[in-house]
Amino acid sequence: MNEKKKPLLQQTWMVCLCALICTALWGSAFPCVKTGYALFRVESSDSASQLLFAGIRFFGAGILALLIGSIGQKKLLRPRKSSLHKIVILSLFQTVIQYTLFYISLAHTTGVKGSILQGTGVLFSLLIVCLLFRTEKLTAVKTIGCAIGFAGIVLVNFNGGTNMDFHFIGEGFMILSTLSGSFSAVFLKQFSQDENPVMLSGCQFLLGGAILAVIGFACGGRLNGFSPSSVLLLLYMAFISAAAYSLWGILLKHNPVSRITVFGFTIQIFGVVFSALFLREGGSLGAQTMAALALVCVGIYLVNRKNSA
């Protein structure tokens, strides 16, 4: 089909624009989380308080997604009975399982290893949609594109001192966390064919956020340091999740999973850039980051080129 005759949300320029808006928002969450932990006095080893923090953030994201979606649709977005099991599945894979494993893992692995392992999410999504659900073809071009993009993630996190030790509660949990998020993307693609993706996003965040908050509080998690600045930061982080995941779901509704998820490689790049700008983490924007960005761009191009389908 001619590019100009495609629906707007399938045209390459619009897909790139919307996907990069999503990944830029998610990338901005990296310095926001660090700042939030400082403002709310959450220690890096306090997984319970981190789960509570995440739960409140995602619950707020659910409210914002449903509010914005309802205003946009000029009607109240609410799930049908037939939608409830889809919301539960999405909530478990996208929010509860993924982030519970993620925060436990962070206490038992390095940030560099965690970032690299998170980059495997795009590869997992490709394998799941091609080999398990069989809704796309696993082509050589897609495989090479994902491999090049992943090389960019390794490069941007490489510091020459990362060892190869493997601990199941550390690196193993991070891989399982990433795998859970990859399943969520595939499920969101399937469910959004018959459901409003913004409604799905809002409701799954409400449920998942509530579950995480209860788990975190029950395990002894507490938040201190509430102030206008910390509350505003929490609201922005809720907006990040609400806007990015909802728009991501809309893109998945109209495009192949591999075409959209490959942009996930840019999340780490944006994270490095925003951390350098806002956290003053010097040296993060050097030649190594630029080379990593180039690899990621090549990977995205290969997966999205016409003959890769």
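Computed from heavy atoms alone, side chains included, the values below leave out hydrogens, waters and symmetry copies. All residue numbers in this chain count up from 1 along the given sequence.
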* With side-chain contact (heavy atoms from CB on, under 4.5 Å) as the test, would you mind laying out the steps for I269 and V296 before giving the verdict? => CA-CA 9 Å; I269 305 296; V296 167; 4.2 Å; yes
* Going by atom types alone, do T261 and S125 pair a side-chain donor with an acceptor below 3.5 Å? -> no
* May I ask you to check whether S180 and S177 show a side-chain donor-acceptor distance below 3.5 Å? =>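 Checked: S180/S177 side chains show no N/O donor-acceptor pair below 3.5 Å.
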* Return the orientation label for the F53 and Y37 ring planes: parallel under 30°, perpendicular over 60°, tilted otherwise. =>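 The rings of F53 and Y37 stand perpendicular, inter-plane angle above 60°.
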* To do: Please work out whether the ring planes of Y103 and Y99 are parallel, tilted or perpendicular, with thresholds of 30° and 60°.
  => tilted
* Asked: Would a 4.5 Å heavy-atom cut-off, applied to side chains only, mark L101 and M174 as touching?
  ->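 The answer is no, as the side chains (C-beta and beyond) never meet within the 4.5 Å cut-off.
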* **Check: L90 and S184 side chains under 4.5 Å, non-hydrogen atoms** =>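 Yes, close enough: below the 4.5 Å cut-off.
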* Approximate separation, where rounding is to 0.5 Å, of L51 CG and I104 CD1 ->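 With rounding to 0.5 Å, CG (L51) is 7.0 Å from CD1 (I104).
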* Nearest 0.5 Å, what's the CG-NZ distance between L302 and K142? ->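 Result: 12.5 Å between the selected atoms.
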* Answer yes or no: are there more than 12 heavy-atom neighbours, outside F217 itself, under 6.0 Å from its atom CZ? => no
* To do: For atom CD of E43, decide whether the heavy atoms of other residues, nucleotides or ligands shown that lie under 6.0 angstrom number more than 12.
  => no
* Looking at W248, F265, F270, which hits ring-ring contact (aromatic ring centres under 6.0 Å, His included) with W26? -> W248
* Asked: Of the options K253, R78, R80, K189, which is the one that meets E195 in a salt bridge (Lys or Arg N to Asp or Glu O under 4.0 Å)?
  -> R80
